[in-house]
Amino acid sequence: MTDTPTTSSSESRRFPDMWVDPQDDPREQWSDPVGELQTHWSYLRTYRATLEMKCEGLDAEQLARRSVPPSTLSLLGLVRHLAKVEHSWFRRVLQGRPKLPKLYVAEGGPDADFDGAVADPAVVDEAWEAWRRETAAADAWLATQTDDDMARDVPFDGGSTPVRDILEHLVEEYARHLGHADLLRECIDGRTGQ
């Protein structure tokens with residue numbers, strides 16, 4: 001019997017600089033959810049952690065870099081946009097507080113979340129602070145819900161919509177934007193995956 005040298009899973013992968021070893025992956029703790037609420041919440045938390053991983057190790061200039069001109073899309077813009085999304089859906093719609101001021105809305109343009117994503121460390125800090133505040137508030141609200149609440153209708157846009165549809169939309173929103181984040185990160189330093 002020959003001794004085989006031990007290697008980490010990332011060393012055994014084809015592109016070792018692109019992947020996190022399974023034991024270091026923060027998303028693994030949310031596997032195997034039980035029930036509808038926990039399933040939606042698990043996907044949401046996993047995608048949130050993935051957003052953080054996509055932005056990890058980048059400076060303000062890199063985070064604000066708009067890699068596909070003339071688009072204003074950037075990783076920093078995505079962080080700001082997803083803070084706005086969490087705020088709008090969880091606080092304004094699901095918690096029934098539609099009069100709360102929206103995040104990142106400026107006169108003359110609906111895209112202040114992306115347009116204001118500039119290479120300034122203070123802007124980066126504020127974006128992460130807003131995103132973390134909104135995800136924590138969303139998680140606090142989700143912790144009060146049950147599977148039975150998923151079918152409950154909430155007022156929205158002159159009508160109503162079930163809670164489950166909003167949670168599904170949030171999962172879809174993150175999934176779509178993480179695809180953008182893949183491309184943006186690859187343009188910055190070649191890193192893809194996860």
Side-chain angles (χ1 to χ4, degrees), residues 18-20 22 24-56 63 71-98 100 102-105 110-111 113-114 117 127-186 191-194:
M18 298 182 189
W19 302 96
V20 175
D24 298 326
D25 192 333
R27 298 167 301 179
E28 296 301 314
Q29 63 183 309
W30 298 307
S31 59
D32 301 324
V34 175
E36 184 178 5
L37 170 64
Q38 291 300 317
T39 299
H40 282 100
W41 199 358
S42 175
Y43 274 101
L44 193 55
R45 289 186 298 199
T46 296
Y47 287 152
R48 289 170 178 164
T50 303
L51 175 67
E52 290 185 287
M53 293 171 75
K54 293 286 178 196
C55 297
E56 192 173 62
L63 286 168
S71 172
T72 59
L73 193 66
S74 68
L75 289 168
L76 179 57
L78 288 175
V79 173
R80 289 163 53 100
H81 175 70
L82 291 167
K84 179 171 112 175
V85 165
E86 296 254 5
H87 174 82
S88 289
W89 286 110
F90 281 104
R91 291 192 197 255
R92 299 179 83 246
V93 176
L94 290 171
Q95 294 177 38
R97 299 164 66 193
L100 277 179
K102 294 180 180 181
L103 293 183
Y104 305 119
V105 175
D111 293 329
D113 39 358
F114 292 104
W128 282 115
E129 182 182 307
W131 182 77
R132 287 189 177 100
R133 180 184 64 242
E134 295 307 324
T135 59
D139 285 345
W141 182 83
L142 284 165
T144 68
Q145 304 300 296
T146 68
D147 279 347
D148 291 339
D149 292 312
M150 297 300 95
R152 180 173 47 83
D153 281 346
V154 293
F156 175 66
D157 203 20
S160 65
T161 191
V163 170
R164 74 167 46 94
D165 288 3
I166 293 171
L167 295 181
E168 190 66 30
H169 171 72
L170 286 159
V171 167
E172 180 268 338
E173 181 97 9
Y174 268 92
R176 179 176 61 249
H177 288 312
L178 288 174
H180 297 140
D182 274 339
L183 296 172
L184 290 162
R185 181 68 190 242
E186 186 176 11
R191 186 171 179 196
T192 61
Q194 287 181 294

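In what follows, residues are counted from 1 in the order of the sequence shown.
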Item to complete: Fit a plane to each ring of W128 and W131, take the angle between them on a 0 to 90° scale, and name the class: parallel (under 30°), tilted (30 to 60°) or perpendicular (over 60°).
Response: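 The arrangement is perpendicular - the two ring planes meet at more than 60°.
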
Discussion item. Quick test of your reading of the model: are E52 and R132 salt-bridged, counting only N-O distances below 4.0 Å?
Written reply: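 Salt bridge: yes.
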
Worksheet item: Relative to the ring of F156, is the ring of W89 parallel (under 30°), tilted (30 to 60°) or perpendicular (over 60°)?
Response: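 Geometry flag for F156 against W89: tilted rings.
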
Practice prompt. Heavy atoms only: give me the nearest L76-A127 pair and the separation to one decimal.
Written response: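 Looks like CD1-CB, 3.6 Å.
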
Discussion item. If you count heavy atoms of other groups shown closer than 6.0 angstrom to OH of Y104, is the number above 12?
Written reply: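 For Y104, atom OH is crowded (more than 12 foreign heavy atoms under 6.0 Å).
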
Fill in: E172 vs R176, salt bridge (Lys or Arg N to Asp or Glu O under 4.0 Å): CA-CA, chis, key distance, verdict
CA-CA 6 Å; E172 180 268 338; R176 179 176 61 249; 2.2 Å; yes

Discussion item. Minimum heavy-atom separation for L103 and K84, please, with both atom names.
Written reply: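 So the minimum-distance heavy-atom pair works out to O-CD, 3.0 Å.
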
Discussion item. Testing the basics here: between R48 and A138, what is the closest heavy-atom pair and its distance to 0.1 Å?
Written reply: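 So the two residues come closest at NH2-CB, 3.6 Å.
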
Fill in: Pair L73-L183, side-chain contact (heavy atoms from CB on, under 4.5 Å): steps then yes or no
CA-CA 11 Å; L73 193 66; L183 296 172; over 6 Å; no

Discussion item. H87: which residues meet the ring pair (Phe, Tyr, Trp, His ring centres under 6.0 Å) condition with it, sequence neighbours left out?
Written reply: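 Checked H87 against ring pair (Phe, Tyr, Trp, His ring centres under 6.0 Å); zero matches.
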
Practice prompt. Please round to the nearest 0.5 Å and tell me the distance separating atom CG of L37 and atom CG of L142.
Written response: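 Reported value, rounded in 0.5 Å steps: 6.0 Å.
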
Discussion item. Consider side chain to side chain donor-acceptor pair (under 3.5 Å). Of D149, D148, T144, which one does T146 pass it with?
Written reply: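 With T146 as partner, side chain to side chain donor-acceptor pair (under 3.5 Å) holds for just one option, D149.
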
Worksheet entry | Closest heavy-atom pair and its distance - G77, S74 |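 That would be N-OG, 2.9 Å.
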
